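Keep in mind that this is a model prediction, so the values were computed, not measured. Order of appearance sets the numbers: ligands from 1, and atoms from 1 within every ligand.
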Amino acid sequence: MKISEKQLAQVNDRIKALVTAGSFYGKKLEEAGITSVANAEEFEKLPFSEKADLRDAYPLGLMTAPEEEIVRIHSSSGTTGLPVIIPYTAKDVDDWGEMFKRCYETAGITNQDRIHITPGYGLWTAGIGFQNGCEKLGAMAIPMGPGNTEKQLQMMMDLKSTVLCSTSSYALLLAEEIERRGIRDKIHLKKGVIGSERWGKAMRERIQGILGIELYDIYGLTEIYGPGIGINCPDSEYMHIWDDYVYLEIIDPQTGENLPDGEWGEIVITTLVKEGAPLIRYRTHDLSRIIPGECACGRTYPRIDIIKGRTDDMMKIKGVNVFPAQIEEVIAKCEGASSEYQIRISHFEGRDTMRLYVEAVDGSVDFEDLGKRIARKTKAAIGFTPIVKIVENGLLPRSEKKSKRVIDERYQ
Ligand code: ZN
């Protein structure tokens with residue numbers, strides 16, 4: 001996949017806006033002597049933008065439109081250091097809503113639906129993004145926000161919510177609670193739109209198994225509008241990306257070189273029409289690949305695979321690069337194991353040790369046999385044998401936000 005003539009013209013327009021505004025990236029481009037790009041090769045040589053740069057621009061250094069046109073800011077959670085502030089113009093907010101509406105439509109959601117929104121509202125982009133798209137679609141928004149499972153389930157029953165928007169871990173928590181209380185027949189959910197964290201096949205099947213709903217993966221990040229820049233369609237698990245708003249590349253995270261379609265690497269995104277804070281070649285650190293060929297649904301928007309993890313999830317254990325997704329694939333293939341697991345890495349007497357805690361689906365499972373099978377298959381996948389401990393279902397922590405799967409005790 002190469003950048004089109006139209007997209008190139010849009011990039012040049014954004015470069016011009018950045019330089020004219022003299023904003024953080026405008027100055028950087030000017031210093032590098034870049035005023036435009038003539039072709040795909042030149043585009044692929046443009047410097048990347050990084051989250052660290054965005055922090056340097058705190059608080060409003062990214063602002064590229066005149067202040068009177070900025071109608072809102074959003075901020076990404078700053079787990080380390082300063083947060084990132086992204087200014088939006090009215091057009092940016094509207095464009096984002098259009099993209100989100102397209103996501104809902106792609107999932108077959110209509111203005112007859114009642115959309116139960118559990119992601120948080122506030123500085124970050126989650127809840128309000130789901131809300132904007134819902135209102136544009138003309139569906140009924142039920143703006144719950146996170147937490148208070150009791151009230152969530154009550155509203156879900158009383159208002160007959162048909163669509164659940166949430167993180168995968170919260171969808172699992174709600175599904176398990178619905179099962180435990182035996183209230184599935186009082187729940188009217190038909191679809192789930194799940195975003196903001198990586199999730200595996202086993203977790204998807206567990207949620208689907210309990211609720212019997214169609215699940216859709218939505219993609220996006222605060223730096224680039226928020227959730228809603230792409231979603232999978234009913235014909236495929238791969239996500240269509242709205243390339244009239246954003247241009248997506250896959251690069252080798254080590255070398256920064258563009259990779260051919262089909263190869264796994266880091267997602268890099270350029271905003272094509274954003275005014276408040278345009279970004280050129282922003283490194284997301286999300287791992288995926290471009291899916292070549294056409295989708296059975298007939299949509300021509302390019303597709304990417306389900307996010308496999310983050311470049312910074314990579315764990316170096318005993319000198320081997322390991323991704324949580326590899327462990328997840330092993331567990332998904334072992335009968336008797338549930339979707340929930342936890343990895344603990346420690347360092348003792350000069351050696352790394354990896355302990356893997358996995359939940360059994362129920363009490364009928366032979367824990368010892370399951371542990372041995374997982375240990376054997378993990379060695380085949382990553383090259384060394386972890387210490388595996390099988391625990392009872394429900395013992396590992398569930399979260400209303402993102403589940404913490406990896407605990408590295410080596411550097412604490
Ligand atoms: Zn499709």
Can you confirm whether the side chains of Glu328 and Tyr341 place a donor and an acceptor under 3.5 Å from each other? yes
Lys191 charged N/C atom sitting above Tyr216 aromatic ring, 6.0 Å / 45°: no
If the condition is ring pair (Phe, Tyr, Trp, His ring centres under 6.0 Å), which residues does His74 pass it with, not counting sequence neighbours? Tyr88, Trp96
Member of Arg102, Gln10, Lys6, Gln7 meeting the side chain to side chain donor-acceptor pair (under 3.5 Å) criterion with Asp244: Arg102
Yes or no on side chain to side chain donor-acceptor pair (under 3.5 Å) for Asp113 and Thr162, after CA distance, side-chain angles and deciding distance? CA-CA 6 Å; Asp113 278 297; Thr162 57; 2.6 Å; yes
May I ask you to check whether Tyr225 and Phe100 place their ring centres under 6.0 Å from each other? no
Near the Zn ion (ligand 1), which protein N/O/S atoms fall under 2.8 Å? Cys233 SG, His240 NE2, Cys295 SG, Cys297 SG
